[in-house]
Engineer: 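Sharing a structure here in structure tokens format.
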Amino acid sequence: MAMNLTIKNVKERQFPCNALILPVVEGELDYYSKISPETHSFLKKISTEEFSGKHNEVLLIHSPKDIKPQRLLFIGLGKKTDISPEKLRQAGGKAAAYLAERGIKKTGLSTSLIESLKLSSSDFIEGSLLSLYKFRKYLKKEKQYGIDILTLLAKPSQLLKEKLIWAKTAVDAVNFARDLINTPSNDMTPTHLAKTALSLRKKNLSVKVLGRIEAEKLGMGAYLSVSKGSHQPPKFILLEYRGKKSSSKIKPLVLIGKSITFDSGGISLKPSENMEKMKDDMSGGAAVLGIFKAVSEAELPIHIVGILPATENLPGGSATKPGDIVKALDGKTIEIINTDAEGRLVLADAITYAKHFNPSAIIDIATLTGACTITFGNEAIAMMGNNRELLDKIKKSSERTYERAWEMPLFDEYKDYLKSDIADIKNTGGRSGSLITAAYFLYEFAQDTPWVHLDIASTAWIDKEKPYLAKGASGIGVRLILDFIAKELKTFS
Ligand code: BES
Ligand code: MN
Ligand code: ZN
């Protein structure tokens, strides 16, 4: 059941609920003494050891008798000068999960403290909504989990309302992407991904799916070479959204999402340890679908195109073999050194195809390299590109959303790493510098079209739970790119 999220202009002591969430600045618990006389004496009994308001610290108590909420949940925001939107998101995540795990259904949030800090309670709520996600599609028993009602105690303002709706739309898109990624590859086939894209169709959102024969006719030899070892038919999925006010002349933003529904490595087979995680190799594609869902729901006045080159990478009898040479859509020949470097092959043809749309910019998002995780652990997206302005804007969005992106260089010298003796380019440059040479390969296809590559191999899958993200698919990229789009409305409308 979806959670009911509303705003109500009512005092804390007069709001009947199972639990009222009270955010606390470290050392300032007495902020809530004003709620009622009995609350005042109750709070005096709480020692600093019991609760002081450290970031993400929680204390749940049964309420004094002179107020209507049954329980009070104190959640620490940390030191006043350190509080940020991300700290709020984390605290919101922690508080909501704490209540949901205890079966507490009807809740409220006191917003006066957050607003007095010149921050927005919508960030707190964003964290709450993200933390309540659970993937339970494959469980026999559908146990009830979650909060039924979350009411913000606040003066209803248009701004707060809009921010809440946007947070909800963005989180729904993230969770939509997480569901697709968590779904195992026996169900999440290229065909199923295409069906999911088709389900997003609307008056101003069209979806077209190219099959193997059409892709062959166009000459997508790089993309198709990846699909040869699988019985699942490849699907080259195209989405185009034109918001109401966007003029027909405007150059679109093209979003490309790597969509390998399972990456076994192909003939260059991966080791079996952790191979089950390779169902997440369509995380980029899932993020793009999430973004289209949110943008179309919010009816943003922009023009965007989405491309998902979907296929499995399996080692069947007709699979591409190391040493094979294939011809990409732009005419370049590629010597396949390692069939496990398949992401760049499908992305190469997608980037060339994107140029048909005369894009203002291309952003690709992909679980591209193992080296990305070696470099960043679970903490940052690797970002590379050919356009300073675009890179800087994405960096800003990454700071706002805390989907942190860190830039790596595309030095000219990396070009040599990809030189083949017998073809125009080879698909791997060896182990050294492999995070960057993978991106450099894409750069050879993007050339001078403004382009940014986001390697999310490090962050698409969470091994250890984070304050508002459960283990499994993170849906990373959705909030980042939505923030970028929202800030850049004018450029693409
Ligand atoms: N999908 C993988 C990258 C990956 C690895 C993502 C581990 C998440 C966790 C990609 O297709 C791949 O296999 N890359 C190879 C490239 C290499 C053969 C040059 C890699 O990074 O090992
Ligand atoms: Mn691979
Ligand atoms: Zn892959």
Side-chain angles (χ1 to χ4, degrees), residues 181-182 185 188 190 193 222-223 225-230 232 234 256-287 308-315 319-324 334-350 364-382 384 408 414 417-418 420 425-442 444 453-463 471-474 476-477:
I181 300 161
N182 284 324
S185 73
M188 188 47 67
L193 198 59
Y223 163 61
S225 74
V226 178
S227 70
K228 284 174 61 189
S230 165
Q232 288 295 336
I256 300 174
K258 175 176 171 181
S259 302
I260 303 296
T261 56
F262 189 76
D263 181 13
S264 73
I267 297 296
S268 313
L269 195 64
K270 286 181 182 297
S272 43
E273 192 174 278
N274 293 330
M275 207 207 265
E276 74 283 358
K277 279 194 195 140
M278 283 302 125
K279 68 174 181 182
D280 88 339
D281 217 16
M282 36 61 78
S283 295
L308 280 70
T311 171
E312 285 187 327
N313 185 24
L314 290 189
T320 295
K321 302 167 291 298
D324 288 0
I334 306 169
E335 185 185 6
I336 313 282
I337 302 297
N338 189 319
T339 63
D340 198 10
E342 84 298 339
R344 62 200 78 183
L345 297 172
V346 306
L347 294 173
D349 281 348
D364 81 73
I365 172 161
T367 45
L368 204 61
T369 67
C372 187
T373 312
I374 308 273
T375 308
F376 291 114
N378 238 192
E379 309 310 326
I381 298 168
M384 282 149 275
M408 302 301 255
Y414 290 113
Y417 289 49
L418 297 168
S420 161
I425 192 170
K426 57 182 182 180
N427 81 328
T428 66
R431 276 172 67 87
S432 88
S434 63
L435 167 63
I436 295 173
T437 54
Y440 204 97
F441 183 91
L442 302 179
E444 294 279 15
H453 161 64
L454 300 170
D455 191 338
I456 55 166
S458 47
T459 46
W461 193 265
I462 307 255
D463 293 315
K471 274 193 271 186
S474 65
I476 198 152

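Order of listing sets the numbers, starting from 1, for every ligand and every atom in it. These numbers were taken from a predicted model, which means no experiment stands behind them. Heavy atoms only: backbone and side chains are in, while hydrogens, waters and symmetry mates are out.
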Engineer: Could you identify the N, O or S atom of Glu342 positioned closest to the Mn ion (ligand 2)?
Structural biologist: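 Relative to the Mn ion (ligand 2), the closest nitrogen, oxygen or sulfur of Glu342 carries the name OE1.
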Engineer: Please name the atom of Asp263, limited to N, O or S, that comes nearest to the Zn ion (ligand 3).
Structural biologist: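 This turns out to be OD2.
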Engineer: For ligand 1, which part of Ile260 has a heavy atom less than 4.0 Å away: the side chain, the backbone, both, or neither?
Structural biologist: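 Within the 4.0 Å criterion, Ile260 makes no contact with ligand 1.
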Engineer: Side chains of Phe262 and Met275: does their closest heavy-atom pair fall under 4.5 Å?
Structural biologist: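 Result yes, sub-4.5 Å side-chain heavy-atom pair found.
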Engineer: Is ligand 1 less than 4.0 angstrom away from at least one heavy atom of Lys270?
Structural biologist: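 Yes, that is the case, since the closest heavy atom of the residue is under 4.0 Å from the ligand.
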Engineer: To the nearest 0.5 Å, tell me how far Met384 CE sits from Ile436 CD1.
Structural biologist: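 Rounded to the nearest 0.5 Å, the CE-CD1 separation comes out at 6.5 Å.
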Engineer: Show me which atoms of ligand 1 lie under 4.0 Å from any heavy atom of Thr369.
Structural biologist: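 Going through ligand 1 atom by atom, the ones under 4.0 Å from Thr369 are 3 (C), 21 (O).
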Engineer: If you measure from CG on Asn313 to CG on Asp263, what distance do you get to the nearest 0.5 Å?
Structural biologist: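 Answer for the CG-CG pair, Asn313 versus Asp263, is 5.0 Å.
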Engineer: With a heavy-atom distance limit of 4.0 Å, tell me whether Lys258 approaches ligand 1 through its side chain, its backbone, both, or neither.
Structural biologist: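 Side chain only.
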Engineer: Any salt bridge between Lys258 and Asp364, counting N to O under 4.0 Å?
Structural biologist: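 So Lys258 does not pair with Asp364 through a salt bridge.
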Engineer: Within less than 4.0 angstrom of ligand 1, does Met278 place any heavy atom?
Structural biologist: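 Right, Met278 reaches ligand 1.
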Engineer: Take Leu368 and His453 through the side-chain contact (heavy atoms from CB on, under 4.5 Å) test and state the conclusion after the steps.
Structural biologist: CA-CA 10 Å; Leu368 204 61; His453 161 64; 3.5 Å; yes
Engineer: With a 4.0 Å cut-off on heavy atoms, is Arg344 in contact with ligand 1?
Structural biologist: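 So Arg344 counts as touching ligand 1.
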Engineer: Report the atom name of the nearest N/O/S atom of Asp263 relative to the Mn ion (ligand 2).
Structural biologist: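 Nearest N/O/S atom of Asp263: OD2.
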Engineer: With a 4.5 Å limit on heavy-atom distance, are the side chains of Leu193 and Ser259 in contact?
Structural biologist: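 Contact flag for Leu193/Ser259 side chains = yes.
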Engineer: Among Thr339, Leu368, Asp263, Thr428, which residue places a heavy atom closest to atom 14 (N) of ligand 1?
Structural biologist: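 Nearest heavy atom to atom 14 (N) of ligand 1 lies in Leu368.
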Engineer: Is there side-chain contact between Leu345 and Phe441, with heavy atoms separated by less than 4.5 Å?
Structural biologist: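 Leu345 vs Phe441: side chains touch.
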Engineer: What are the atoms of ligand 1, with element, lying closer than 4.0 Å to any heavy atom of Glu342?
Structural biologist: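 Near Glu342, the atoms of ligand 1 are 11 (O).
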Engineer: Just so I know, are the side chains of Ile425 and Ser420 near enough to count as touching, which here means a heavy-atom distance under 4.5 Å?
Structural biologist: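 Counting from C-beta outward, Ile425 and Ser420 never come under 4.5 Å.
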Engineer: Look at the N, O or S atoms of Leu368, main chain and side chain alike, and state whether any lies under 2.8 Å from the Zn ion (ligand 3).
Structural biologist: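 Leu368 does not place any N, O or S atom closer than 2.8 Å to the Zn ion (ligand 3).
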Engineer: Restricting to N, O or S atoms of Glu342, which is nearest to the Zn ion (ligand 3)?
Structural biologist: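 The atom in question is OE2.
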Engineer: So, 2.8 Å as the limit: is an N/O/S atom of Asp281 located closer than that to the Mn ion (ligand 2)?
Structural biologist: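 No - counting backbone and side chain alike, Asp281 has no N, O or S atom under 2.8 Å.
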Engineer: How does Asp340 reach ligand 1, if at all, at less than 4.0 Å between non-hydrogen atoms: by side chain, backbone, both, or neither?
Structural biologist: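 Both of them.
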Engineer: The Zn ion (ligand 3) is nearest to which N, O or S atom of Asp281?
Structural biologist: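 In Asp281, the heteroatom (N, O or S) nearest the Zn ion (ligand 3) is OD2.
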Engineer: Would you call Lys321-Asp324 a salt bridge at under 4.0 Å N-O?
Structural biologist: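 Here Lys321 pairs with Asp324 in a salt bridge, since their nearest N and O are under 4.0 Å apart.
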Engineer: Is there a side-chain contact between Ile260 and Glu342 in this structure, where contact means two heavy atoms from C-beta onward sitting under 4.5 Å apart?
Structural biologist: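 Ile260 vs Glu342: side chains touch.
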Engineer: To the closest 0.5 Å, what do you measure between NZ (Lys279) and CE (Met282)?
Structural biologist: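 Going from the NZ atom of Lys279 to the CE atom of Met282 covers 10.0 Å.
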Engineer: Determine whether Ser432 and Tyr417 satisfy the following criterion, side-chain contact (heavy atoms from CB on, under 4.5 Å), listing intermediate values before the conclusion.
Structural biologist: CA-CA 9 Å; Ser432 88; Tyr417 289 49; 4.0 Å; yes
Engineer: Give, for atom OG1 of Thr320 and atom CD1 of Ile267, the distance between the pair rounded to the nearest 0.5 Å.
Structural biologist: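 Nearest 0.5 Å value for the OG1-CD1 distance: 8.5 Å.
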Engineer: Determine, considering heavy atoms only, which of Cys372, Ser458, Ala457 sits nearest to atom 6 (C) of ligand 1.
Structural biologist: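 Minimum heavy-atom distance to atom 6 (C) of ligand 1 goes to Ala457.
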Engineer: Any atom of ligand 1 sitting under 4.0 Å from a heavy atom of Asn338?
Structural biologist: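 In this structure, Asn338 qualifies as a contact of ligand 1 - some heavy atom is under 4.0 Å.
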Engineer: Atoms of ligand 1 less than 4.0 Å from Thr367 heavy atoms?
Structural biologist: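 Those of ligand 1 that fall under 4.0 Å from Thr367 are 1 (N), 2 (C), 3 (C).
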Engineer: Which residue supplies the protein heavy atom nearest to atom 1 (N) of ligand 1, what is that atom called, and how far is it?
Structural biologist: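 The answer is Asp281 OD1, 2.9 Å.
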Engineer: Starting from atom 22 (O) of ligand 1, locate the nearest protein heavy atom and write down its residue, its atom name and how far away it is, to 0.1 Å.
Structural biologist: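 Ranking protein heavy atoms by distance from atom 22 (O) of ligand 1, first comes Gly370 N, 4.1 Å.
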